[in-house]
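Every chain is numbered from 1, with letters handed out A, B, ... down the list of sequences.
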2 protein chains.
Amino acid sequence: MAQAQATPARATRAQATRPRNASRRAELVGVASRLFRERGYHGVGMRAIAEAADIQAASLYHHFASKEELLLESIYVVDRDLVVDQLPILEGEGTYRERLERLVRGHVGHIGANRDAWWVAGRELRALSREKLDEVQVYRRRYQHALGDFLAAGTEAGEFACDDPRLSALAVLDMINGPNEWWEPDGRLAIDELAARYAALALRLVGGDAPPRQARKRRSSAR
Amino acid sequence: MAQAQATPARATRAQATRPRNASRRAELVGVASRLFRERGYHGVGMRAIAEAADIQAASLYHHFASKEELLLESIYVVDRDLVVDQLPILEGEGTYRERLERLVRGHVGHIGANRDAWWVAGRELRALSREKLDEVQVYRRRYQHALGDFLAAGTEAGEFACDDPRLSALAVLDMINGPNEWWEPDGRLAIDELAARYAALALRLVGGDAPPRQARKRRSSAR
DNA sequence: TCTTGCCTAACGACTGTTAGGGAGGCAGAT
DNA sequence: ATCTGCCTCCCTAACAGTCGTTAGGCAAGA
């Protein structure tokens, strides 16, 4: 691929990095996400993105400093925004079971609502520079650790039964990330339906599906 | 990307397609898998693959008709060989629980043993032509359907408790494919350990984790 | 003599990116 | 009310390099 030599045009770059027309930017990110999804980051050129946006390739550099920035913006839609939306659920109101169910529903719903970005975030991370990669992975790890802590606390409280909460967190995330690989809007299940069912399955996975069986550990709460 | 115009050199292509030196071929596929994993299919050029194999780019065409064939061979290691190895387990000896456990262990173990190929198969399918893509997806669907049928039969037999065996098959596969995204050889868990734990979690997921709780449906077999 | 496995050289197309300019709109000065 | 200067958003043209692939040849072994 071509070079990105350190130019004296620092001013130009700084301006392009600072959002100019925000809605136009979001529009272009959406177009790029779709193409990255269809053909992969390296499989799509700036000229192809530009053509899909009915613009010239060079004009993209008015909004974004580089192709990588276009990718990063796509990925933020998933990794940054998901954590911001979801973490409050774990610290919010309700029983551990209720909160886990809300988390899973929100997670699967987010996949359904941001399909292109999820696809891209799932397989194009390696195209990011180390610096940006680290930034994105901090969000991921925060989400993962928060879920691990939550499952540990829920087990402590007798609502779940996880031998190894950290591993259970990975297993739950592996499962609920799965629909990103196969779910399609015109498939057998609507996304809300799928989210509800996966929530129930996630409860099973962490030993929190109490109703049909009795609790594994002594608990004080009724029912 | 460059063209693949219909050439009159059909003979050359046919010869390259028929395996020549099988072990050399496998070696080159291994090198290609590794690079595809690290940088993505479109992120790696034939010259880079050649250099890693200590060869000239043009020489690769002595063994493979095209770059796509190199990718296809990488993917076969997963999608074709996995199905061939694993399907007999489902039709083999043992209780449903035992067979599911063997399947999960084999699946996770296969990921650990073929990391590069799994990574590539997980995210570079779109680079295949429709024709080859369909071929690969037939294997995937066969695996998925076989697991769905198996879970339905196991539920019928009272060993599992799946409301929707097809969906449970997807959930189990989503979970056990997960380690492909994050497992590393020098991590906290050895692959065999992880395989054993994920097998136990998969049993939970399908309602087949009898020992700590009593069976949900009437069964005759002891314990 | 034929095959295998590699080589050098070249093709045309495409890569990310930059330089530089032009049209239109808006703010402030005259 | 008009002019001036700046900012936004887009353009054309070009750069140096890389892409997948093919043609043609050469040395070693059967």
Under 3.5 Å donor-acceptor pair, B:Arg24 side-chain atoms to C:dG5 base atoms: no
Measuring from the side chain of [X] (C-beta onward, heavy atoms only), which nucleotide among [options] has the closest atom?
X	options	result
A:Lys67	D:dT21, C:dG16, D:dA23	C:dG16
B:Tyr61	D:dT21, D:dT8, D:dC11	D:dT21
A:Arg47	C:dT17, C:dC7, C:dA10	C:dT17
B:His63	D:dC11, C:dC6, D:dT22	C:dC6

Distance-minimising heavy-atom pair for A:Lys67 and A:Val44: NZ-O, 2.8 Å
Using whole Å, what does the distance between atom [atom2] of nucleotide [N] and atom [atom1] of [X] come to?
X	N	atom1	atom2	result
B:Gln56	C:dA10	CD	P	14 Å
B:Leu28	C:dC6	CG	C1'	12 Å
B:His42	C:dC14	NE2	C1'	13 Å
A:Glu68	C:dT15	CD	C1'	16 Å
A:Ile49	C:dG16	CD1	P	7 Å
A:Leu60	D:dC10	CG	P	9 Å

Is the shortest side-chain N/O distance from A:Ser59 to OP1 or OP2 of D:dC9 below 4.0 Å? no
Can you tell me if B:His62 touches the phosphate of C:dG5, counting only side-chain N or O atoms and a distance under 4.0 Å to OP1 or OP2? yes
Residue pairs involving residues 131-152 of chain A (criterion ring pair (Phe, Tyr, Trp, His ring centres under 6.0 Å); sequence neighbours excluded): A:Tyr96-A:Phe150, A:His107-A:Tyr143, A:Phe150-A:Phe160
For A:Tyr41, ring-ring contact (aromatic ring centres under 6.0 Å, His included) partners two or more places apart: A:Phe36
Does the pair A:Glu68/A:Lys132 count as a salt bridge with the N-to-O cut at 4.0 Å? no
Report yes if the side chains of B:Glu27 and B:His63 come closer than 4.5 Å at any heavy-atom pair, otherwise no. no
On DNA chain D, nearest-nucleotide positions of B:Met46 versus A:Asp54: which is more 5'? A:Asp54
Does the ring of A:Trp119 carry A:Arg123 above it, NZ/CZ under 6.0 angstrom from centre and within 45° of its axis? yes
Intermediate values then yes/no, salt bridge (charged side-chain N to carboxylate O under 4.0 Å, His left out), B:Arg102 and B:Glu93: CA-CA 11 Å; B:Arg102 276 205 294 276; B:Glu93 303 263 305; over 6 Å; no
In degrees, rounded to 10°, what is the bend between the two ends of the helix from C:dT1-D:dA30 to C:dT30-D:dA1, using five pairs at each? 0°
